[in-house]
**Q** 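This is the structure I want to talk about, given as structure tokens.
Only heavy atoms go into these numbers, but all of them, side chains included; no hydrogens, no water, no symmetry mates.
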Amino acid sequence: MEENGNYDLEAPLLQHSDSVAVTISQASLVKSRTVMFKIDGVTCASCSTSIEAALSALDGVESAMVSPLQGQAVVRYRPESVSAKTIKETIDAIGYQVNDFLDQDIAVCRLRIKGMACTSCSESVERALSMVDGVKKVMVGLALEEAKIYFDPNVTDSNQLINAIEDTGFGADLISSGENDNKAHLKLEGITSVKDINIIQSSLESIEGVNHIEMDAAECKVTVSYDPDLTGPRSLIQCVEGASQGSNLYHASLYVPPRQGEAGRQQEIMSYRNQFLWSCLFSIPVFLFSMVLPMLHPYGNWLSREVHNKLTIGMLLRWILCTPVQFIIGRRFYLGSYHALRRGSANMDVLVSLGTNAAYFYSMYVSLKALTSNSFEGQDFFETSSMLISFILLGKYLEVLAKGKTSDALAKLSVLAPEMAILLHLDGEGNIVSENEMSTQLIQRNDVLKIVPGSKVPVDGIVIKGQSHVNESMITGEARPVAKKPGEKVIGGTLNENGYLLVRATHVGSETALSQIVQLVEAAQLARAPVQKLADRISKYFVPAVVAAAFLTWLGWFIPGEVGAYPKCWIPKAMDGFELALQFGISVLVIACPCALGLATPTAVMVATGKGASQGVLIKGGNALENAYKVKTVIFDKTGTLTVGKPHVVSTMIFSSMSIEELCDIAAAAEANSEHPIAKAVVEHYKKLHEKFGSNKENISEVSDFEVHPGLGVSGSVGGKVVLVGNKKFVQAYNVLVSPTVEDYMTESEQLARTCVLVAVDGMIAGAFAVTDPVKPEAEQVISFLRSMSISSIMVTGDNWATATAIAREVGIERVFAETDPLGKAEKIKEFQMKGDAVAMVGDGINDSPALVAADVGMAIGAGTDVAIEAADIVLIKSNLEDVVTAIDLSRKTLSRIRLNYVWALGYNVLGVPIAAGILFPFTGIRLPPWLAGACMAASSLSVVCSSLLLQYYKKPLQIQDA
């Protein structure tokens, strides 16, 4: 077998991007780092020597080089011994000024945040993290309950970030550190002393490709970060076992660390459930003693017996039972209020604490007054306090259950890869020597794996033997199995249906398409949508406004009651005017809910991005969703987007004395280094021609001075001849005469929707190829469906006008812009944007990056396995155009759902607060008790989450079945 790293397919199938304007490196995980900067005042070799000497004297600096000409320094150092900041200060201290000192070492970590309830909470966490020295960028997801932080590891670390969060009153756990990091978690056996730990650590550090080691001596566990090009988990295990000395035999095995996010969510669910059940244990008797038994004569008469003065048995029991609910079970609300007020904000906990305390302490006052007076009569509200807390805990329990469902689609993607795989051992001639079953986590790059019918593909790879059909629906959403033969790629997690395949692993661990999709969707769920700004603005003033409204409500009922402004008959029996006003004020406090507003957007985005991922549509966050919702114009590239993207030569014409074999040889030599689909078609035509005529020539001729001219063609020198291969505009730019005969051939080809490729040798047209690329069968239907959605379709292509017009006519596009280079496509997009249109660009990602970036929404189609996706806002894994409709329609459905959530959350508060304040009481006698108001508040958040969950039932509006 080949060693790891010798196989040349190294680019990940999906390149991950977060659109972060900082350079992210894995510097926090490597043994040494390199920093580059410029130094002012370096005028000669003596200056550079003195700087190098000063830096070399620092402990931890491995090398320092200063150029006296450019004044540029390159310093390699060990971060555990010296920081980049110290290096800069050392140079400043000897009289030189450092400029362009880039923060090249940016680390990233993900933290799970516990205790966030509303937008105010997430903003507080974001603000606290942003204030930590060295933090560059922070993203906090309320619904996801996670934070992603980019920071300078020379200044801070994950422990300081966790402390900053805990100082604000929230809990935090480290989910992961490092981006796209390959880690092996090993459980060690045979460890008896610290010496054994040191031996194993030294052995692992000696392996090439090991970046970082974290030893847990107490648990006998080790976490190793490694470069998959150089080593892998099997090599690490062999290294540990090979370090055994004498009778000390070491053994290592992989273990799966618990997923912090899922474990934390389950713990939160159990916490709310247990607290709710405990509160019910006390609240139900309080409810019975206050509202049920007193009405059941004579069964409840014993509650009215006086213990001392006017203090009754019922009042005393309610006081005793309510106290643990208020101060022990309800402790979380006190803590939440304290931390919220300490950081200068207010949240739901403040409202709940104010409401329950008002009810409890007034009831306590009534009880003490009854105890000390033989004539006092008053009504306690202990049931208000205890039942209010119980209903809020029930609502939070149901809410966290529902929030867990919002990430179901992502969780299903995460577990698609099989647990076991069959590894083959080959001899030098490629024959199978042995096979053994092992954990998928032990697979290393270039391993050869056997995939039997009915089993899942464990990792991304290339088929080297066998033929089969693979069901990729779980990754791409494509229902029909895809035929696979030698040389074709397979994706980890897909299902092999009916054939036997041998696959060489090309991407393992975090580099697999499945892992990249999960990471991309997780990043999307953290990104805040612009529509979220509405909730952010409201949350700043919500709680103070509600407190003011509650106080005014109390005043509005208490003062008129004291002056007799309303009839005494309005006051319920056993109450006075103060108590009635107090109940209305408490109801206003507890019915208003800021949580529903905060959850309206992130829960919908979470469900939508997860659902889109399961259908092969990767949406990079709320911003892409919102922009796609606004799209009124879709611009399509032609080759590979509207057409199949696999052009082939259908005719060849000679315009010189050159033979057809020689023409094909020269053209193929020039096109061999180009990635354009048409170039590949010319090379493939050359190969088929030589196979057909049995030519002895095996290799394509060498080309020198090769140059690609985007949107035009290629040029180079083949056998001493200057060769141009491209379109008419390209050859004319080099003053090559295009004769009428050539013009006629071009016109004839273009009228048949064929692209004409001209070949010029030494300034003369030597021949031409007619290349056809069939239109995708679904293209016409997709364009028609977009028209029904009031979206106009435009085609912009680098191809000639005649071919472009013919293709456009075939698919139903009316506006065409042809002979446009990649930068010209971006300019066209800007022209439409200047008119006020929101523009989506759909391209295959090969040469459409400028246009994808320029568009409001860039859609990279067919990019799931081949093309980098940094430029695109939405990635369509399949090459199927119907997913363009899916992406726009899902965005529209999601934004509509978000707006519905806002209408529900805002409407609930707008209607609920006046009713709680007693606006209907004078006319209908309807009064909302505080405990019922609390139940309504809990229901509001739950209803918003459930509303977002309805997006899980989204179905594609257009499903085209091939004939």
**Q** Is the shortest side-chain N to carboxylate O distance from Asp173 to Lys114 below 4.0 Å?
**A** yes
**Q** Take Lys776 and Leu642, measure what side chain to side chain contact (heavy atoms under 4.5 Å, CB included) needs, and give me the verdict at the end.
**A** CA-CA 6 Å; Lys776 290 180 178 176; Leu642 289 171; over 6 Å; no
**Q** Strictly by modelled atom types, are Thr894 and Tyr629 linked by a side-chain donor-acceptor pair under 3.5 Å?
**A** no
**Q** As a test of understanding, state which of Ser941, Ser948, Ser947 forms a side chain to side chain donor-acceptor pair (under 3.5 Å) with Thr603.
**A** Ser948
**Q** Using the side chain to side chain contact (heavy atoms under 4.5 Å, CB included) rule, take Phe636 and Val811 through it: C-alpha gap first, then chi angles, then the decisive distance, then the call.
**A** CA-CA 11 Å; Phe636 291 92; Val811 300; over 6 Å; no
**Q** Salt-bridge test for Lys956 and Asp889: reply yes if a basic N is under 4.0 Å from a carboxylate O, no otherwise.
**A** no
**Q** Leu890 vs Tyr954, test: side chain to side chain contact (heavy atoms under 4.5 Å, CB included). Steps then yes/no.
**A** CA-CA 8 Å; Leu890 178 59; Tyr954 172 81; 3.9 Å; yes
**Q** What pair of heavy atoms forms the shortest contact from Ala628 to Ile888, and how long is it?
**A**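 Where Ala628 meets Ile888 most closely, the heavy atoms are O-CG2, 4.0 Å.
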**Q** Can you give me the closest heavy-atom contact between Leu161 and Cys109, atom names plus distance?
**A**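 Taking every non-hydrogen atom into account, CD1-SG, 3.7 Å.
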**Q** Give a yes or no answer on whether the side chain of Tyr908 reaches the backbone of Ala939 with a donor-acceptor pair at less than 3.5 Å.
**A**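 Side chain of Tyr908 to backbone of Ala939, a donor-acceptor pair under 3.5 Å: no, none is there.
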**Q** Tell me whether Asp873 contacts the main-chain N or O of Ala624 through its side chain, where contact means a donor paired with an acceptor under 3.5 Å.
**A** no
**Q** Can you name the closest pair of heavy atoms from Ile898 and Ala600 and give their distance?
**A** CG1-O, 4.1 Å
